[in-house]
Amino acid sequence: MTTPNKTPPGADPNQLKRTGTVREIGSQAVWSLSSCKPGFGVDQLRDDNLETYWQSDGSQPHLVNIQFRRKTTVKALCIYADYKSDESYTPSKISVRVGNNFHNLQEIRQLELVEPSGWIHVPLTDAHKKPIRTFMIQIAVLANHQNGRDTHMRQIKVFTPVEESSIGRFPRCTTIDFMMHRFIR
């Protein structure tokens, strides 16, 4: 019988931001949870502190809902989990779903985690490896290590690609520029 390999940690999301290819957009969304213990909710999930966490309080699946006001391009999620600190509260199976609202969510990724310790990078791309466009992301914790009931998630980051700027490549023409060009000729 073989033991599954531990889930390797991904790079710190701050390193991703420093490349200039992505930016974090979680603050543009409305976040909600299926349940939480008092003092262990969305604020702790988004406070940039790896010592704090969301703790669910109820039956599985445990849900994190991330809703945008407009259809948004999303390239990746980064989730911080720490098996050494959280043991049976650590997710072992996660489903990532996207859609326009709660009624048409489609699963696009399912992850099996083995004693994760660090950032888990979840690419959100279509069949052509392009970032998805969505109004809503739902992260569902389907199972925990050691058959734990409630879950801990320490941080979640949502990233969009940074679009190449056309400034400096193609001059922008305004109506006045166009009119001036006609009169100069």
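At a threshold of 4.5 Å between non-hydrogen side-chain atoms, the residues Tyr80 and Ile120 do not count as touching. Side-chain contact check for Tyr83 versus Val114: every heavy-atom pair is 4.5 Å or farther apart. Looking at heavy atoms from C-beta onward, Val42 lies in side-chain contact with Leu33 at the 4.5 angstrom threshold. Looking at Ile94 and Leu113, their side chains come closer than 4.5 Å, going by heavy atoms from C-beta outward. For the pair Gln60/Thr151, no side-chain contact is recorded, criterion being any heavy-atom separation below 4.5 Å from C-beta on. Taking 4.5 Å as the limit, some side-chain heavy atom of Leu124 sits within range of a side-chain heavy atom of Leu77. In this structure the side chain of Leu111 reaches within 4.5 angstrom of the side chain of Val122, judged on heavy atoms.
Taking all atoms of both residues into account, the shortest heavy-atom contact from Phe135 to Arg69 is CE2-O, 4.0 Å. In plain terms, the two heavy atoms of Gln146 and Ser88 that are nearest each other are OE1-CB, 3.6 Å. In this structure, Thr160 and Thr73 approach most closely via the heavy-atom pair OG1-O, 2.7 Å. Nearest heavy atom pair, residue Pro131 against residue Lys75, reads CB-CA, 4.0 Å. Nearest heavy atom pair, residue Arg46 against residue Glu24, reads NH1-OE2, 3.0 Å. The minimum heavy-atom distance between Gly58 and Ser35, with the atom names listed, is N-OG, 3.9 Å.
Using a 3.5 Å distance cut-off with no hydrogens or angles, the side chains of Ser95 and Glu107 do pair a donor with an acceptor. Donor-acceptor pairing under 3.5 Å is recorded for the side chains of Gln138 and Asn65. Looking at Thr125 and Arg109, their side chains do bring a donor and an acceptor atom within 3.5 Å of each other. Side-chain contact, Asn144 with Ser92: no donor N or O sits under 3.5 Å from an acceptor N or O. Between the side chains of Asp47 and Thr52, a donor-acceptor pair is found at a separation under 3.5 Å.
Cluster membership check: Val158 shares its hydrophobic cluster with Ile79, using side-chain heavy-atom separations under 4.5 Å among Ile, Leu, Val, Met, Phe, Trp and Tyr. Ile108 and Ile156 end up in the same hydrophobic cluster when Ile, Leu, Val, Met, Phe, Trp and Tyr side chains are linked at under 4.5 Å.
Heavy atoms from other residues, nucleotides or ligands lying under 6.0 Å from CG of Asn147 number 12 at most.
Note: Thr72 OG1 to Ile66 CD1 = 11.5 Å, rounded to the nearest 0.5 Å. Between His103 atom NE2 and Met136 atom CE the span is 9.5 Å, to the nearest 0.5 Å. For the atom pair CG (Asp12) and NZ (Lys17), the distance works out to 8.5 Å, reported to the nearest 0.5 Å. To the nearest 0.5 Å, the span separating CD on Glu51 from CD on Gln155 amounts to 10.5 Å. The distance from the CZ atom of Phe68 to the OG1 atom of Thr134 is 8.0 Å, given to the nearest 0.5 Å.
The aromatic rings of Tyr89 and His152 lie parallel to each other, with less than 30° between the two planes, well short of the 60° mark.
Phe40 has its ring centre no less than 6.0 Å from the ring centre of Trp54.
Classification of Arg133 and Asp126 as a salt-bridged pair fails, no side-chain N sitting under 4.0 Å from a carboxylate O.
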